[in-house]
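The residues of the chain are indexed from 1 along the displayed sequence.
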Amino acid sequence: PPALASLFGEITANAVDQAGRTGLVKSIRVTTEPETGRITVWNDGPSIPVRMHRQLTDQYLTTVIFSQFRCGSNFDDTQTRTEAGRNGYGAKVVNAWSEEFTVEHHDGERHFTQTWRRNMAEPSPPKVTKRARKQTYTKVSFVLDYARLGITDIPEAIGFIDSLVWHLCPVTDPKVAVWLNGARLPIRSLKDYAAVLSPTGAAVYEAGTHIEVAVCPARPELGAAVGFVNGIRCSAGTHINFALNRVKEALGVADCTLGQLRANTLLLVNATVANPTFTSQTKEQLSRDVRKAGLRWEPSARFRAALRK
């Protein structure tokens, strides 16, 4: 379900953004509980400072970040940003759609925990303890309001979430280990992921400027494309169209239509887009003109030859 994927993606995008922004994240760990529906996302690296908010001085910064709408930092479109989020929503939306939502983090000197229940209606008081430790981390654990989302089979929903964890691998640095329920996932790149998804184990791959593209034989159950923008799953929009047209040109078959190409191949695209815009908050379709965002890719002779095989 699109809503389920979007809600999970809002939380994992924070971990992926932190990994890309700081270069100090070594591990992203996701655990799921089919019986209860609980989802937990943990990452090491620098965390939110445990301090009071500078404007809302009676609230902790973490409380504001995770529960006060339109209190984000990506409002200014004159500044170049490559994070997926904007407008101060993100994790707050997940909080509002959860029966229970807990944030826990340590900034090296202090430990912070706070829980909200009943779709954010019942916040618990923040718990802050002074506890020096070398490892800093952030952990978000939540139980979605599956009934409101119209989901009756929670184990099936958790199985779907488990499949989405694999998408974190091709959008993070190869040095970042992605774990699912205690097992480290073996994917390190989009090229690796394409080979895993390919029904033959073979894929054609090439990187351009701010974009990676891979092509393999069709997997109808996955659709025509698997795409990512700034670390989140986004399989429709301008980045997909850009790559698809380049692949069609590289194939060099005059009477091959885009529809035929979609029907016979699986296209994988990983794009880094400055100041991305989407058609909706679910971020399923990129609307930003990727050429203006600096994406460049001209398929090489090697790519063309491999594709034609």
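- Residues His53 and Thr57 fail the side-chain proximity criterion, which asks for heavy atoms closer than 4.5 Å.
- Between Lys191 atom NZ and Glu212 atom CD the span is 11.0 Å, to the nearest 0.5 Å.
- A donor-acceptor contact shorter than 3.5 Å links the side chain of Ser287 to the backbone of Thr277.
- Put simply, the side chain of Asp145 never gets that close to the backbone of Glu99: no donor and acceptor are under 3.5 Å apart.
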Please test Arg29 against Ser27 for side chain to side chain donor-acceptor pair (under 3.5 Å), starting from the C-alpha separation and ending with a verdict. CA-CA 6 Å; Arg29 297 173 181 266; Ser27 181; 3.2 Å; yes

Quick one: do Phe8 and Thr12 satisfy side chain to side chain contact (heavy atoms under 4.5 Å, CB included)? Show the steps, please. CA-CA 6 Å; Phe8 178 66; Thr12 56; 3.4 Å; yes

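- Looking only at atom types and distance, the side chain of Glu100 has no donor-acceptor partner in the side chain of Ser98 under 3.5 Å away.
- No donor-acceptor pair closer than 3.5 Å links the side chain of Asn95 to the backbone N or O of Ser67.
- In the displayed structure, Glu249 atom CD is contacted under 6.0 Å by more than 12 heavy atoms of other residues, nucleotides or ligands.
- Other residues, nucleotides and ligands place no more than 12 heavy atoms under 6.0 Å from the NZ atom of Lys139.
- Under a hydrophobic clustering in which Ile, Leu, Val, Met, Phe, Trp and Tyr are joined whenever their side-chain heavy atoms come within less than 4.5 Å, directly or via other members, Leu185 and Val16 fall into the same cluster.
- In this structure, the side chain of Thr22 engages the main chain of Leu24 through a donor-acceptor pair within 3.5 Å.
- Applying the 6.0 Å contact sphere to CZ of Arg308 captures more than 12 heavy atoms from other residues, nucleotides or ligands.
- There is no side-chain donor-acceptor pair under 3.5 Å between Thr138 and Gln18.
- Using modelled atom types and a 3.5 Å distance limit, the side chains of Thr36 and Arg38 yield no donor-acceptor pair.
- Residues Val213 and Leu267 share a closest heavy-atom pair of CG1-CD1, 3.7 Å.
- Cluster annotation: Phe160 and Trp166 are assigned to the same hydrophobic cluster (Ile/Leu/Val/Met/Phe/Trp/Tyr, side-chain heavy-atom contacts under 4.5 Å, transitive).
- When every heavy atom of Ala203 is checked against every heavy atom of Ala194, the shortest pair comes out as CB-CB, 3.7 Å.
- Here the options are Val143, Val140, Leu144, the test is side-chain contact (heavy atoms from CB on, under 4.5 Å), and the partner is Phe101; only Val140 passes.
- Atom OH of residue Tyr146 and atom CG of residue Asp153 lie 11.0 Å apart, to the nearest 0.5 angstrom.
- Here the side chain of Asp107 pairs no donor or acceptor atom with the backbone of Ser47 at under 3.5 angstrom.
- A donor-acceptor pair under 3.5 Å links the side-chain atoms of Arg219 to the main chain of Leu197, judged by distance alone.
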Working note: Phe303 + Leu307, criterion side chain to side chain contact (heavy atoms under 4.5 Å, CB included); need CA distance, chi angles, decisive distance, verdict. CA-CA 6 Å; Phe303 182 91; Leu307 185 66; 4.0 Å; yes

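- The nearest pair of heavy atoms linking Cys256 to Lys248 is O-CE, 2.8 Å.
- Using a 4.5 Å cut-off on side-chain heavy atoms (C-beta onward), Val196 and Ile187 make contact.
- Remark: side-chain polar atoms of Thr63 are not paired, donor with acceptor, to backbone N or O of Gln59 under 3.5 angstrom.
- Rounded to the nearest 0.5 angstrom, Asp44 CG and Thr136 OG1 are separated by 7.0 Å.
- By the criterion of side-chain heavy atoms lying less than 4.5 angstrom apart, applied directly or through intervening Ile, Leu, Val, Met, Phe, Trp or Tyr residues, Leu266 is grouped together with Leu164 in one hydrophobic cluster.
- Residues Ile158 and Leu168 share a hydrophobic cluster, clusters being chains of Ile/Leu/Val/Met/Phe/Trp/Tyr side chains in contact below 4.5 Å.
- In this structure, OG1 in Thr279 is found 15.5 Å from CZ in Arg288, a value given to the nearest 0.5 Å.
- Taking the side chain as every heavy atom from C-beta outward, Leu7 and Leu149 approach each other to under 4.5 Å.
- Taking the ring centre of Trp297 as origin, the terminal cationic atom of Arg246 falls outside the region bounded by 6.0 Å and 45° from the ring axis.
- Residue pairs satisfying the side chain to side chain donor-acceptor pair (under 3.5 Å) criterion with at least one member in residues 193-204, sequence neighbours excluded, are listed as follows: His167-Tyr193, Ser198-Thr200.
- The distance from atom NE2 of His105 to atom NE2 of His111, rounded to the nearest 0.5 Å, is 8.5 Å.
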Run the numbers on His106 and Gln135 for side chain to side chain contact (heavy atoms under 4.5 Å, CB included), then give the verdict. CA-CA 8 Å; His106 199 289; Gln135 186 182 51; over 6 Å; no

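- Inter-residue side-chain proximity for Leu251 and Arg304 is flagged as unmet; no heavy-atom pair is nearer than 4.5 Å.
- Taking the side chain as every heavy atom from C-beta outward, Val103 and Gln114 never approach each other to under 4.5 Å.
- Gly227 and Ile240 make their closest contact through CA-CD1, 4.1 Å (heavy atoms, listed as atom of the first residue, atom of the second, distance).
- No continuous path of ILVMFWY side-chain contacts below 4.5 Å connects Leu56 to Val50, so the two sit in separate hydrophobic clusters.
- Classification of the Tyr137-Trp42 ring pair by plane angle, with boundaries at 30° and 60°, yields parallel.
- Rounding to the nearest 0.5 Å places CD1 of Ile211 at 8.5 Å from CG of Asn270.
- The shortest side-chain heavy-atom distance between Val215 and Tyr205 does not fall under the 4.5 Å cut-off.
- By the 4.5 Å heavy-atom criterion applied to side chains, Trp116 and Phe66 are counted as neighbours.
- A donor-acceptor pair shorter than 3.5 Å cannot be found between the side chains of Ser141 and Thr102.
- Between the Glu284 side chain and the Ser235 main chain, no donor and acceptor come within less than 3.5 Å of each other.
- Between His239 and Cys234 the shortest side-chain heavy-atom distance falls below 4.5 Å.
- A salt bridge is defined here as a Lys NZ or Arg NE, NH1 or NH2 lying under 4.0 Å from an Asp or Glu carboxylate O, and Lys283 with Glu10 meets this definition.
- A side-chain contact (heavy atoms from CB on, under 4.5 Å) with Arg51 is found for exactly one of Leu61, Val128, Thr62, namely Leu61.
- The shortest heavy-atom contact between Val178 and Cys169 is CB-SG, 3.9 Å.
- Side-chain polar atoms of Asp162 and Thr32 form a donor-acceptor pair below 3.5 angstrom.
- Residues satisfying the side-chain hydrogen bond (donor to acceptor under 3.5 Å, both in side chains) criterion with His210, sequence neighbours excluded, are absent altogether.
- Side chain of Asn245 to main chain of Asn241: a donor-acceptor pair is present (N/O by atom type, distance under 3.5 Å, no hydrogens or angles).
- Considering every non-hydrogen atom in both Leu190 and Ala214, the closest pair reads CD2-N, 4.3 Å.
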Starting from the C-alpha separation in whole Å, work towards a yes-or-no answer on side chain to side chain contact (heavy atoms under 4.5 Å, CB included) for Phe142 and Ile11. CA-CA 10 Å; Phe142 56 101; Ile11 301 301; 3.8 Å; yes

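- Of the possible polar contacts, one joining the Arg296 side chain to the Arg291 backbone as a donor-acceptor pair under 3.5 Å is found.
- If you check the side chains of Arg117 and Thr115, you find no donor sitting under 3.5 Å from an acceptor.
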